[in-house]
Amino acid sequence: MSGDTFHIAGDNVNVHGTGNIGIVKNAAPAPVDPELQAALADLTIMLRELRETVPPEDARTIDGSLGHLAPDAAVQPQARANALTAIAGIVATAGALREPIENAINGIRQLLGV
């Protein structure tokens, strides 16, 4: 396989020598839109407040979603959309915090295009 070239789902891979394993990817993540970053920061604050008012299993779901919703995290839009969906289920029963969080979730979904 020495000197062979392969095309793998968008990647051009040149193999030199033998015993090669893996691919090193050095592409920097795309910068996060400032509007999206601000919306995620606002949502994170609201979710931390909500977390204190929900049952433990819902708090764990919020905790698991916060990493995907961190404003400065390099996260794929679909992963963020999945986290928003998980949170939306909890928010449906959130009482007074429901409307502002639902508005934030819908705004972020629009910014993500999902």
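Looking at every heavy atom in both residues, L36 comes nearest to L111 through CA-CD1, 3.7 Å. Looking at every heavy atom in both residues, A73 comes nearest to G67 through CB-O, 3.9 Å. Counting all heavy atoms, side chain and backbone alike, A94 lies closest to L50 at CB-CD1, 3.6 Å. The minimum heavy-atom distance between A83 and H68, with the atom names listed, is CB-CB, 3.8 Å. The shortest non-hydrogen separation linking L43 to A104 is CD1-CB, 4.0 Å.
A 4.5 Å side-chain heavy-atom check between I45 and E49 finds every atom pair outside the cut-off. Contact of the T44 side chain with the R48 side chain is registered, since non-hydrogen atoms from C-beta on lie closer than 4.5 Å. Between R51 and D63 the shortest side-chain heavy-atom distance falls below 4.5 Å.
The backbone N or O of L69 lies less than 3.5 Å from no partner atom in the side chain of R80, so there is not a single donor-acceptor pair. Put simply, the side chain of D58 never gets that close to the backbone of V54: no donor and acceptor are under 3.5 Å apart. Using a distance-only test at 3.5 Å, with no hydrogens or angles considered, no donor-acceptor pair links the side chain of R109 to the main chain of V114.
Atoms CG and CD1, from L97 and I90 in turn, are 12.5 Å apart once rounded to the nearest 0.5 Å. Considering CZ of R98 and CE of M46, their distance stands at 14.5 Å, rounded to 0.5 Å. Note: L40 CG to L112 CG = 7.0 Å, rounded to the nearest 0.5 Å. In this structure, CG on L47 lies 5.0 Å from CD1 on I87, to the nearest 0.5 angstrom.
With no hydrogens or angles considered, a side-chain donor-acceptor pair links Q78 and N82 at under 3.5 Å.
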